[in-house]
Amino acid sequence: MAERCFRGNFTQQEAIPEEAIARAVEVLRGGRLHRYNVPDGEAGEVALLEQEFAAYQGSRYCLACASGGYALHVALKAYGLAPGASVLTNAFTLSPVPGAIDNAGGRPVLVETTEDLVLDLGDLEAKIDSSGARLLLLSHMRGHQADMERLCTLLETRGIVLIEDCAHTMGAAWKGRRSGSFGLAACFSTQTYKHINSGEGGLLTSDDPDLMARAVILSGSYMLYGRHKAAPPAEAYADIALETPNYSGRMDVLRAAILRPQLRDLDRQVARWNERYRAIEALLQQSPALYLPVRPAEEGYVGSSIQFLVRELDGSGCAAFQRACRERGVALKWFGEPLPSGYTSRHDSWRYIQAQSLPVSDAILARLFDMRIPLTFSLQDCRLIAEILLECLAAFGGTCGEPAAAQ
Ligand SMILES: *Cc1c(COP(=O)(O)O)cnc(C)c1O
């Protein structure tokens, strides 16, 4: 039998909805693209997006800005991170996270990951003690959430402030409570590969008036903060407006205009992602050679990507498996690759931070694969992809055994 190949494109997102395109064209015709360039009496697309996202999150305030990484930077600065202060964060995350800590003048202290790809709470506790850090920038990397109740209890007892990086958990929840509602602030990305797409963009949410007032000024509001709809009242700015720098990084009207219809559709999209995720997961789970991170019942996730560990393969086996998949049209990222390609999620490729010993994470990343699940894939595509993965694995697994027959 000829080998089946997959012909889809793993980086192809869906088209922007027609309603968003129509609104974008209207915005362009009007020529008013700056967020504060609004006709009298109108709120403007950016302020409305902030209001709508705050309502979606159940947060008091929201600030739209230039990128997810920028939102992280502004959150850290608005919190008042002291120069040189240690910030606890995940060893397994994406480079904008340590980058934002560095940009805010902090020093990342990396915490080990578990095989379920969440923060290791035992290592967190040890590093709270050893680092003296007062802040955790928690990255829900690839949408995996730690036990948020246990984590919050630990942080509370130890007096540690939490800021959440929700780049992969927009639309997700823990026990029905929105991801991003557990800490002092949360940061989201609207970059093309996240859950709503404006090319670039970020959203920062918080219930804290002081933090949000500083964030609004930092984002470059000049003295126009009164035009925000999901921000604290004017009094909150009295003492800080002239003492807070402008780190210009606003969101423009065009991006807000195309995000608003996508936000209204987000929950439906989440359901579509999860159907696809579960179709792939169900097949991959049949292979004893693979470990798929456990998704606890409390976790309401968004399956926009899937990860799995290959139990038995060594470095050259992993490379050969990845190559075989690529030849059959299945694009996998392998976190064990010695040199980063495409993106970096390995702490040893962030050489601007102090080198740190993370043997557990290193051993996990060495066997960890990652695959995007764009919504342009049908359920049938997803099943074909999973079958190809299993076939390639059987060819390279050696000791891995045959994958069970697909149902
Ligand atoms: C994408 C991403 C970010 C930052 O988003 P940008 O909008 O690209 O700056 C932060 N954290 C994680 C885990 C991400 O994947």
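Counting starts at 1 for both ligands and their atoms, following the listed order.
Residue Val97 touches ligand 1 through its side chain alone, judged by heavy-atom distances below 4.0 Å.
Near His168, meaning under 4.0 Å from any of its heavy atoms, are these atoms of ligand 1: 13 (C), 14 (C), 15 (O). Of all atoms in ligand 1, listed by their number and element, those nearer than 4.0 Å to a heavy atom of Gln191 are 1 (C), 7 (O), 8 (O). Atoms of ligand 1 lying under 4.0 Å from at least one heavy atom of Ser139, given by number and element, are 13 (C). When each atom of ligand 1 is checked for a heavy atom of Ser189 under 4.0 Å away, the hits are 5 (O), 6 (P), 7 (O).
Not a single heavy atom of Gly202 sits less than 4.0 Å from an atom of ligand 1. The closest approach between any non-hydrogen atom of Lys194 and ligand 1 is below 4.0 Å.
Nearest-heavy-atom check against atom 10 (C) of ligand 1 across Thr169, Asp165, Thr93, Asn90 picks out Asp165.
Aromatic ring orientation, Trp273 versus His195: tilted (interplanar angle from 30° to 60°). Relative ring orientation between Phe369 and Phe321 is described as perpendicular, the plane-to-plane angle rising above 60° on a 0-90° scale split at 30° and 60°.
Geometrically, Arg227 does not engage Tyr36 in a cation-pi contact defined by less than 6.0 Å to the ring centre and at most 45° from the axis. Figure legend: cation-pi geometry between Arg177 and Phe182, with NZ or CZ positioned under 6.0 Å from the six-membered ring centre and within 45° of its axis.
Checked by distance only, ligand 1 and Met141 stay at 3.5 Å or farther apart across all their nitrogen or oxygen atoms.
Here the side chains of Phe6 and Phe377 are in contact, with some heavy-atom distance below 4.5 Å.
Atom 9 (O) of ligand 1 has Gly69 N, 2.7 Å as its closest protein atom, hydrogens excluded (heavy atom only).
Salt-bridge check for Arg158 with Glu125: passed, with a basic side-chain N closer than 4.0 Å to an acidic carboxylate O.
Listed by first and then second residue, the salt bridge (Lys or Arg N to Asp or Glu O under 4.0 Å) pairs that reach into residues 89-113 come to none, sequence neighbours excluded.
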